[in-house]
Amino acid sequence: MASKANYSQGLLLFRLKNGRQFALGTLKIQELVPYKAVTAMINSEPGVKGVLSIRNKTIAVIDMAEVIGLGPISESKLDQSFIVVTDCQRKVVGFIVSQIDKIIETNWREIKQPEKSLGAGVFITGTVKVEDEFIQLIDVELLLNKIFPPDPHAAMAVVTDFQREQLKPMNILVVDDSLTARRQLTDVLELLHVPFHVTDDGQKALAYMREQASNGHPVNLLVSDIEMPGLDGYELTFEVRNSPELAATYIILHTSLSSAISVGQAHQVGANEALTKFDAKELVLSMLRGVEFINNPTKDNKAIP
């Protein structure tokens, strides 16, 4: 691989009911539409205003401000609002925002993790400096998890005893900046009683991998998010593939984006597989292919996109 992975990130800057500016990665966005009246649903979750048909597809429409704790947008302001249609975690939903500002280009290295003082459970996944002002990025995965709680059985993956024993000796590293996504991924391994290490940052992941390699216990399976502040999944993969002591790692990149482009880029930088998260069965099958690849390096093992 001759050149460094360098993927810019488009960010949509928008405002909620209090006038505060927030950002959302454009890769998650399908389109922006002026607010349209929605059809209310019975017994819907707080913040879910109803459903709307856009391009012959019925989607839930959510008041983002209400869900993240800023209170609902007033009825009198709805006509001036917009709906941001997103595709994330295999769900297409619309988020009501008060104002659309602009789209900017940045790089994941410019996006910083949120301050620890904010605590867990905040709907912020990072911050970026724009025109001398720090803008917070909305954690759409956490937001969707609150609206659509995951099936408690979703983390269960049925494997044989033999398959479980194959996974146990592996040095497994899970990397994701989203607390929600980390829980989803690690719950799968915990239910299987398979040991692993987890981190929330690509740079920390790289440091851990180098430390493990220097101690004679290199990471065998790397499961990493693509979109992360600092060192994103593409760049992490590039660094691993260009470090002789790490290059044998089987790399599984995952993304909340239902995008063939993201999957294609993951393979271009050297990932063995790319998954659109989250599916426990797909993840475990992918890891088992990694075990087969590691245990039989001379075989013609090919990753299944």
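All values below were derived from every heavy atom in this structure, side-chain atoms included, with hydrogens, water molecules and symmetry-related copies excluded.
- Rounded to the nearest 0.5 Å, atoms CZ (Phe14) and CZ (Phe22) are 7.0 Å apart.
- Of the possible polar contacts, one joining the Asp232 side chain to the Tyr234 backbone as a donor-acceptor pair under 3.5 Å is found.
- In terms of modelled atom types and a separation under 3.5 Å, the side chain of Asp63 and the main chain of Val48 share no donor-acceptor contact.
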message = Before you tell me yes or no, could you show the steps for Arg20 and Gln136 under side-chain hydrogen bond (donor to acceptor under 3.5 Å, both in side chains), namely the whole-Å CA-CA distance, both residues' side-chain angles and the distance that decides it to 0.1 Å?
response = CA-CA 10 Å; Arg20 280 181 57 192; Gln136 295 177 321; 2.6 Å; yes
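- Arg289 and Glu292 are not joined by a salt bridge, as no carboxylate oxygen comes within less than 4.0 angstrom of a charged side-chain nitrogen.
- If you chain together hydrophobic residues whose side chains sit under 4.5 Å apart, Leu12 and Val92 never meet in one group.
- Using a cutoff of 4.0 Å between basic side-chain nitrogens and carboxylate oxygens, Lys17 and Glu66 are not scored as salt-bridged.
- For Lys77, the NZ atom is loosely surrounded, since the number of other residues' heavy atoms within 6.0 Å does not exceed 12.
- Put simply, the side chain of Ser286 never gets that close to the backbone of Glu282: no donor and acceptor are under 3.5 Å apart.
- Using a cutoff of 4.0 Å between basic side-chain nitrogens and carboxylate oxygens, Lys102 and Glu131 are scored as salt-bridged.
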key: side chain to side chain contact (heavy atoms under 4.5 Å, CB included) between His197 and Val219, worked out   = CA-CA 10 Å; His197 182 80; Val219 169; over 6 Å; no
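- Residues Asp101 and Arg15 are paired through a salt bridge, judged by an N-O separation under 4.0 Å between the basic side chain and the carboxylate.
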key: Chi angles and distances behind the side-chain hydrogen bond (donor to acceptor under 3.5 Å, both in side chains) call for Glu273, Tyr250   = CA-CA 9 Å; Glu273 303 199 39; Tyr250 193 88; 2.6 Å; yes
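- The backbone N or O of Asp139 lies less than 3.5 Å from no partner atom in the side chain of Thr125, so there is not a single donor-acceptor pair.
- His254 contributes a side-chain N or O that, together with a main-chain N or O of Asp225, makes up a donor-acceptor pair within less than 3.5 Å.
- Using modelled atom types, no side-chain atom of Glu239 and backbone atom of Leu236 make a donor-acceptor pair closer than 3.5 Å.
- Arg164 places no side-chain N or O within 3.5 Å of a backbone atom of His193 that could act as its donor or acceptor partner.
- A donor-acceptor distance shorter than 3.5 angstrom exists from the side chain of Arg241 to the backbone of Thr249, with no hydrogens or angles considered.
- Between the side chain of Thr160 and the main chain of Gln163, a donor-acceptor pair closer than 3.5 Å is present.
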task = Start with the C-alpha distance between Leu16 and Val97, add both sets of side-chain angles, then the distance that settles side chain to side chain contact (heavy atoms under 4.5 Å, CB included), and finish with yes or no.
result = CA-CA 5 Å; Leu16 296 182; Val97 302; 4.0 Å; yes
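- Between the side chain of Asn171 and the main chain of His217, a donor-acceptor pair closer than 3.5 Å is present.
- Of the N and O atoms on the side chains of Glu190 and Thr186, not one donor lies less than 3.5 Å from an acceptor on the other residue.
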request  = Quick one: do Glu31 and Val33 satisfy side chain to side chain contact (heavy atoms under 4.5 Å, CB included)? Show the steps, please.
outcome  = CA-CA 7 Å; Glu31 61 181 310; Val33 296; 3.6 Å; yes
